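Notes follow the structure.
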Amino acid sequence: MLSFLSDYTEGAHPKVLQKLNELNMISLPGYGEDEYCLEAKNKIKKFCGRDDLQVQFLTGGTQTNLIAISTMLKRYEAVVAADTAHINVHEAGAIEYSGHKVLTLPSKNGKVSGQALEEYMERFYADDTHEHMCFPGMLYISHPTELGTLYTKAELKKLSEVCRKYDMPLYMDGARLGYGLVSPESDLSIKDIVELCDVFYIGGTKVGALCGEALVFTKNNMPRGFVTMTKQQGAMLAKGRLVGMQFDALFTDNLYLDISRHAIKCAMELKEGFLQKGYTLYIDSPTNQQFVILNPEQLERLSKIASFSVWEKIDRGHIAVRFVTSWATSEEDLHELISKL
C-alpha cells in the first residue's frame, strides 16, 4: 500500500533519530533545561533572524494551540478563527474546554481576510450590548491553511494591522510551516512572520520529528507564569530533551527546509500527474497537501493501492480526497502512484 495519508504517518527523519540515539545515555537536566534544548532555541532564533525571541517546546499541535491561546487570553475573551480552522473543526473542543469560545468568520480557500476581520470587530464594538458577549481577544490563523493554501505578505500585513488596531494578538498555527516557507508560490518569509505575528509555532510533528512543536513569542510577550501554566495543564515533559534534541537536529544544516522542499517537489509532481490524467482539483494547493475530486469508481480503485484521506462528499457522484507528501515520500512510490492514476 502506497502511503499518502498524512505527513506524520511515519516515525521521524533518520537524522532526528540519529541525534536521539547518539545522546540517549547522556544524563541531562529535566524540563527542557538542558544544553541541547538551549542550543535548539538559539538555532531557531538564528533561523528567524532575531535573538530576542522567546521559544518554548511542546509536544503536539492541539496541545500547543490550547496552551498558547488559553494562556494569552483573558478569562472573558475568545479567539477568532476561520470556520475551517483546525481549532474549530478538528480539535474536539479543546479551546472551549479551556473556558474560551472560538468565534468563527467565513473563510475563502481556508483563509480569513483582513476586511472580514475588521468588519467583525467594528460590528462587535458598535453593539451596545457587547459587554454581555465574549470579547474577541485574539486572531488564530494557520499557514499553510487546512486546505494547503497560503497567506500572502499583503494579506498577513492587513490582518496584523487590524489586530494592532484592536490590541489583539495575532497567532499563527505553523504545524506545516516549513512547507509554506519553501512553496514556490509563497512571498512570505520567516522574518515577515516574526515581524507581523505576535506568536506562532514551528511545527515538527508534521515536518520530520517524532513529535514536537516550537512555540515562538515575538514581542517579549510570553505570558507571565507561562511555564507554570504549561505544567498546570499537563503539557510539561520531564524529559524535555526529547523535543529539544529533535529541533536541534531539524535546524542543523538546513534539514528542516530540505525536508520541506522534498515534500513540495513530490506534491507538485503529483498534482501535475493528476492534471495530466484528466482529474479535477478540489482546490489548487501550492503545498504538500493535494486535494482532488474522484468519482466512486476512482475512489474504489485508488483505495486498493494507496492510503489517502476522504475529505468531503461533494454530491452523489463526486468525493473530494486529500493526498499528502512528506520527508518519507519516495520517488518510487510517487511514480508508481502516478502511473496508476
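Not measured: the values here are computed from a predicted model.
When atom types are taken as modelled, the side chain of E77 and the backbone of L73 share no donor-acceptor pair closer than 3.5 angstrom. A donor-acceptor distance shorter than 3.5 angstrom exists from the side chain of S186 to the backbone of L188, with no hydrogens or angles considered. Side-chain atoms of T280 never come within 3.5 Å of backbone atoms of I293 as a donor-acceptor pair (strictly under, hydrogens ignored). Remark: side-chain polar atoms of S183 are not paired, donor with acceptor, to backbone N or O of G180 under 3.5 angstrom. A distance-only check finds a donor-acceptor pair linking the side chain of S303 to the backbone of L299 [under 3.5 Å]. Between the Y151 side chain and the V112 main chain, a donor and an acceptor come within less than 3.5 Å of each other. Not one N or O on the side chain of R176 forms a donor-acceptor pair closer than 3.5 Å with the backbone of K206.
Checked for salt-bridge contact, D192 and K157 miss the test: no charged N lies under 4.0 Å from a carboxylate O. At a threshold of 4.0 Å, the pair R241-D34 does not count as salt-bridged, since none of the basic side-chain nitrogens sits closer than that to a carboxylate oxygen.
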Apply the test ring-ring contact (aromatic ring centres under 6.0 Å, His included) to residues Y256 and F251: give CA-CA distance (whole Å), side-chain angles for both, the deciding distance (0.1 Å), then the verdict. CA-CA 6 Å; Y256 189 75; F251 283 87; 4.9 Å; yes

Where do L281 and L275 land on the side-chain contact (heavy atoms from CB on, under 4.5 Å) test, with the steps shown first? CA-CA 8 Å; L281 299 178; L275 292 174; 3.8 Å; yes

So D83 and S107, side-chain hydrogen bond (donor to acceptor under 3.5 Å, both in side chains) or not? Walk me through it. CA-CA 6 Å; D83 50 11; S107 60; 2.6 Å; yes

Stepwise, does the side-chain contact (heavy atoms from CB on, under 4.5 Å) test hold for K43 with L250? CA-CA 10 Å; K43 287 179 178 179; L250 288 173; over 6 Å; no

Output, in order, the C-alpha distance, side-chain angles, deciding distance and verdict of side-chain contact (heavy atoms from CB on, under 4.5 Å) for S142 and I87. CA-CA 10 Å; S142 55; I87 62 170; over 6 Å; no

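Counting only N and O atoms by type, the side chains of Q289 and S285 include no donor and acceptor under 3.5 Å apart. Remark: the N288 side chain and the T325 side chain contain no N/O donor-acceptor pair separated by less than 3.5 Å. No hydrogens or angles considered: nothing links the side chains of Y171 and D198 as a donor-acceptor pair under 3.5 Å. For the 3.5 Å distance criterion, the side chains of D127 and H130 fail to qualify, holding no donor opposite an acceptor. For N65 and T62, the side-chain atoms include no donor-acceptor pair closer than 3.5 Å. Looking at S113 and K108, their side chains never bring a donor and an acceptor atom within 3.5 Å of each other.
In this structure, CD in Q54 is found 10.0 Å from NZ in K41, a value given to the nearest 0.5 Å. Taken from CD1 in I69 to CD in E91, the straight-line distance is 7.5 Å, to the nearest 0.5 Å. With values rounded to the nearest 0.5 angstrom, Q233 atom CD is found 5.0 Å from L66 atom CG.
Taking the side chain as every heavy atom from C-beta outward, L341 and Q276 never approach each other to under 4.5 Å. Proximity of D333 to S3: side-chain heavy atoms (C-beta onward) are nowhere separated by under 4.5 Å. Contact check for P223 versus F217: side-chain heavy atoms found under the 4.5 Å cut-off. Counting only heavy atoms from C-beta outward, the side chains of M168 and F135 never approach each other to under 4.5 Å. Side-chain contact between L105 and V80 is present, with at least one heavy-atom pair separated by less than 4.5 Å. The closest side-chain heavy-atom distance from V321 to V292 is below 4.5 Å. E331 places a side-chain heavy atom less than 4.5 Å from the side chain of E269. A 4.5 Å side-chain heavy-atom check between Y140 and H86 finds at least one atom pair inside the cut-off.
Within a 6.0 Å sphere centred on CD of Q115, heavy atoms belonging to other residues, nucleotides or ligands number 12 at most. More than 12 heavy atoms of other residues, nucleotides or ligands shown are found within 6.0 angstrom of NZ on K277. K219 NZ: more than 12 foreign heavy atoms inside a 6.0 Å radius. Around the NE2 atom of H90, the shell of radius 6.0 Å holds no more than 12 heavy atoms that belong to other residues, nucleotides or ligands. Heavy atoms of other residues, nucleotides or ligands lying less than 6.0 angstrom from CG of D128 number 12 at most. When the shell of 6.0 Å around NZ of K45 is examined, it contains more than 12 heavy atoms from other residues, nucleotides or ligands. Around the CD atom of E300, the shell of radius 6.0 Å holds no more than 12 heavy atoms that belong to other residues, nucleotides or ligands. For Y31, the OH atom counts as loosely surrounded, since its 6.0 Å shell holds 12 or fewer non-hydrogen atoms of other residues, nucleotides or ligands.
Residues V243 and I67 do not share a hydrophobic cluster, clusters being chains of Ile/Leu/Val/Met/Phe/Trp/Tyr side chains in contact below 4.5 Å. Under a hydrophobic-cluster definition in which Ile, Leu, Val, Met, Phe, Trp and Tyr are linked whenever side-chain heavy atoms come within less than 4.5 Å, directly or via other members, Y179 and M268 are assigned to the same cluster. No single ILVMFWY cluster, assembled from side-chain heavy atoms under 4.5 Å apart, contains both M138 and I193.
Across every non-hydrogen atom of P286 and T149, the tightest pair is CD-CA, 4.1 Å. A235 approaches L58 most closely through the heavy-atom pair O-CD2, 3.8 Å. In terms of heavy atoms, V324 sits closest to R322 at CG2-NE, 3.3 Å. Closest approach of L117 to C163, counting heavy atoms only: CD2-SG, 4.2 Å.
Of the candidates Y279, F308, Y282, Y279 is the only one forming a ring-ring contact (aromatic ring centres under 6.0 Å, His included) with F274.
Relative orientation of the Y125 and Y166 rings is parallel, given thresholds of 30° and 60° on the angle between their planes.
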